Structure formats: structure tokens, C-alpha cells
Amino acid sequence: MKTFSDFRSDTVTRPTEEMRRAMAEAEVGDDVLGDDPTVQKLEVLAASIMGKEAALFVPSGTMGNSIGVKIWTRELQEVIVEEKCHIYNMESTHMTFISRVTPRPLPSKRGALDPELVRSNVRLASVQTPQTSLICLENTHNNWGGSVIPLETFKEMRKVADEYGLKIHLDGARIFNASLASGVPVKEYARYCDSVMFCLSKGLSSPVGSMLVSDRASIDYARRVRKALGGGMRQAGVLAACGLISLTKMIDRLKEDHLRARRLAEAIYDLPGITLNPVEVETNIIVFYFNHPKITIPELLNKLKEKGILALGVFGGVRLVTHKDVDDEDVERAIKAFREILAS
Ligand code: TLP
């Protein structure tokens, strides 16, 4: 048995053997000079999958989102975000640090912003207030336990954006999980957004990398911003080669992760201290609230670790994520560990 069954994140996925071989064999060039054929192939594929004109390969989801915010904003402006979203809470404040704009966090229903609430929070430029210029959405929504944002929210948000001349950026780190769970093609989500960032390095198992897609002129500008942020990579084809495998061979298997997350949620939701509705586990992320008379969250995480289960504490709760490198045996091991710790 492995030492640890690692449910902390789908970012822990290791590249497949095929990826390692592809890295060794990748045709490369200097991508900052525009010479890397493998990166170019990946960018063309990413753009076409999302139905956009162009794509940019970036080192991380955080950089993709940072550039996404930067290209649609300027100083004295603000950005409407959902209050638990990753961009606002977990990306080291790049909105203020890089783009010099302020976030305007709004509450939501499991990550889905109410278009009317957004509409009533749009601020026009005035001498004393920031001007709203961008709305950020997230699908699936990490801190809401991998919830899938309804397509209707995208459609309505587009109407609000068009009414006030705003842009929409989608943090689609796990957009393929959303698409598989809802049956809505990724292009459909993307068509209501001006830019989309999605990750290759999470459930899709690439070691590094995310994509930013948009119209060609915006991606040309994004490429300059990436360089300014130190994200221009030279023989990046060795990484892009993995990205190509992520996008051609790794998407469909995400369904298995969803089934495993549901199985795990159904087996632990009624244990003492856990507040979780297993029906709300739509994709590969479980977030439950934990309030136990004798065990704190750090103690629970430690007890799980002693039994070989790694999980993360988040927002007053606990997060478990399924992915390629945890199988049915790991799930059963986790269920047994939870029962031993909490049912006794
Ligand atoms: N999320 C990571 C941690 O930062 C929490 C994880 O383990 O889930 N958007 C979303 C929705 C994300 O979940 C993440 C990573 C990112 C963006 C940032 O991606 P990276 O880690 O590549 O910068």
C-alpha cells in the first residue's frame, strides 16, 4: 500500500508515462522568440477547444488569472468577484498588486452570482468611486466544493456586462470538470466570456501549465504582460507536450474522479461533526464543515494523516479532492479512516 492516499488537491497528480515520453521527444524552440512548434500546437488546440481566436500558454493558473484581470482593467477601476472565489482569496492579491484595481466581493448561491445583485453593484465612473470594468466568474467553484455554475448564470451575466460595457473573465481552472458534470460543452461557457483561463496541471495531470484564451489582439497584449511578469518560457515545448496529452487524452477520465468523490461523500456525510450534502458533490471536490465536541479540524487532519490520508483545512472546513492518482482502494481507505476516527 502507498504511504499516503493524497486527497489534498488534484494539483498533486503526477505526469503519466506517456507524458514523460512526450517530454523527452518534444520538438522545441525558443518560445519567447516565437519559435517553439509544440507550444504553438498547444495554443492552437486550446483556442479551438474553447472556440476563441487565440491562446497563451502560461506557467500557472494564478498567472493566467493575473493576466486575465490585467488585460481588462486599468487604475481607478474595480472588479466584481464572488466572495469565496479563488482569484480574490487565494492568489496573493494580484488584483491590487499587479493590476492596481480593487475587488468588489459579492455573496452567491453556491458560487453562482445573482445577475440582479451584480447589476445593482455596477458602479459608473465618478469623481469619488471606482468604475466597474470586469466581472470574474469561476467554474467549477473550488471553495464551494467544486460546484457547477449554471449556464443560465453565464447568459444573464453577459447581458449585464453588455448593458454596462463590462468584460467577463472566467477562472475555468476546472472547466472540463464542469462540462462533464453538466453536459454543457466548454465552448458554450466560453462564448459568454471575454477570456477564459483553464489549467492543465490539475485533474488533467500535466506537471505545469495553464492556458489563457481570448480574441487575438487581447492575447497579443497578454503575451507582453506575461513577459513583464517573468512568465516568458524558452524551450517550453517540453511542458506543452504534456499539455497536448492533457487535452487529447485526459479529459474523459475526470468522470471517474466525480464518481469517486460522490462515493466518498455518501459514505462520510452522516458521521459526527461533518456537515455535508452528498448531492452537492457534483464534481471532484468535497468541502465539508466540521464541528465536533472533542476533535478540532487540525486534530482531524492529523488523525487522518496517521492513517495515511492527506486532506486540507479550508474556510472552517475540510477539503478532499479526487484525481487520477487516487483510486477506489484509496477511497475505501479514506472511508475506513473517517469511520474509525469519528464513529468511535
Ligand atoms: N487551486 C489550488 C490551491 O491554490 C487552493 C488547489 O489546490 O485547488 N483557480 C482555481 C479555481 C484554483 O483552484 C486554482 C488552484 C487556481 C486558479 C490557481 O492555479 P495555480 O495553482 O496553477 O496557480
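Bear in mind the structure is a predicted one, so any value in this text is a computation, not a measurement. Start at 1 and go down the list; that is how both ligands and their atoms are numbered.
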Inset, instruction - Taking atom CG of D30 as the centre, report whether more than 12 heavy atoms of other residues, nucleotides or ligands fall under 6.0 Å from it. - result: yes
Legend entry - Shortest protein contact, atom 22 (O) of ligand 1 (heavy atom only): G61 N, 2.8 Å
Inset, instruction - Please say whether T140 places an N or O atom under 3.5 Å from an N or O atom belonging to ligand 1. - result: no
Inset, instruction - State which residue, out of N284, N177, T322, T283, fulfils the side-chain hydrogen bond (donor to acceptor under 3.5 Å, both in side chains) condition with H258. - result: N177
Inset, instruction - Between R8 and ligand 1, find which residue part has any heavy-atom pair under 4.0 Å and reply side chain, backbone, both or neither. - result: neither
Legend entry - Distance from atom 4 (O) of ligand 1 to nearest protein heavy atom, with residue and atom: H86 NE2, 2.8 Å
Inset, instruction - Please determine which of Q77, E78, Q131 meets the side-chain hydrogen bond (donor to acceptor under 3.5 Å, both in side chains) test together with R123. - result: E78
Legend entry - Proximity winner for atom 6 (C) of ligand 1, if only heavy atoms of M90, E138, R319 are counted: R319
Inset, instruction - Report, as yes or no, whether the 6.0 Å neighbourhood of atom CZ on R234 holds more than 12 heavy atoms from other residues, nucleotides or ligands. - result: yes
Inset, instruction - Report the part of T62 (side chain from C-beta onward, or backbone N, CA, C, O) that has a heavy atom under 4.0 Å from ligand 1; answer both or neither where that applies. - result: both
Would you tabulate the side-chain donor-acceptor contacts of residues 301-321 under 3.5 Å, counting partners in other chains and residues two or more places apart, or write 'none'?
| unit_1 | atom_1 | unit_2 | atom_2 | d |
| --- | --- | --- | --- | --- |
| K307 | NZ | E340 | OE1 | 2.9 |
| R319 | NH1 | N142 | OD1 | 2.9 |
| R319 | NH2 | R8 | O | 2.9 |

Inset, instruction - Measure the acute angle between the ring planes of F338 and F288, then classify it against the limits of 30° and 60° as parallel, tilted or perpendicular. - result: perpendicular
Legend entry - Heavy atoms of other groups near E329 CD, more than 12 under 6.0 Å: no
Legend entry - Shortest protein contact, atom 19 (O) of ligand 1 (heavy atom only): K202 NZ, 3.0 Å
Legend entry - Proximity of A173 to ligand 1 by residue part, where a heavy atom lies under 4.0 Å: side chain
Inset, instruction - Between M63 and ligand 1, find which residue part has any heavy-atom pair under 4.0 Å and reply side chain, backbone, both or neither. - result: neither
Legend entry - Polar contact flag for S9 and ligand 1 (N/O pairs, less than 3.5 Å): yes
Inset, instruction - Give a yes/no on ligand 1: does H141 have at least one heavy atom closer than 4.0 angstrom to it? - result: no
Legend entry - Nearest protein heavy atom with distance in Å, relative to atom 17 (C) of ligand 1: E91 OE2, 3.3 Å
Inset, instruction - Would you mind checking which non-hydrogen protein atom is closest to atom 9 (N) of ligand 1, with the distance to 0.1 Å? - result: D171 OD2, 2.7 Å
Inset, instruction - State the atoms of ligand 1, each with its element, that fall below the 4.0 Å cut-off from a heavy-atom position in S60. - result: 22 (O), 23 (O)
Inset, instruction - Run through K255, R110, R174, R262 and flag the one making a salt bridge (charged side-chain N to carboxylate O under 4.0 Å, His left out) with E282. - result: R110
Inset, instruction - With heavy atoms under 4.0 Å as the rule, classify the contact between N65 and ligand 1 as side chain, backbone, both or neither. - result: side chain
Inset, instruction - Verify side chain to side chain donor-acceptor pair (under 3.5 Å) between S60 and S210, making sure each step is shown before the conclusion. - result: CA-CA 5 Å; S60 67; S210 294; over 6 Å; no
Inset, instruction - Measure up the F290 and H292 rings against each other and bin them: parallel (under 30°), tilted (30 to 60°), perpendicular (over 60°). - result: parallel
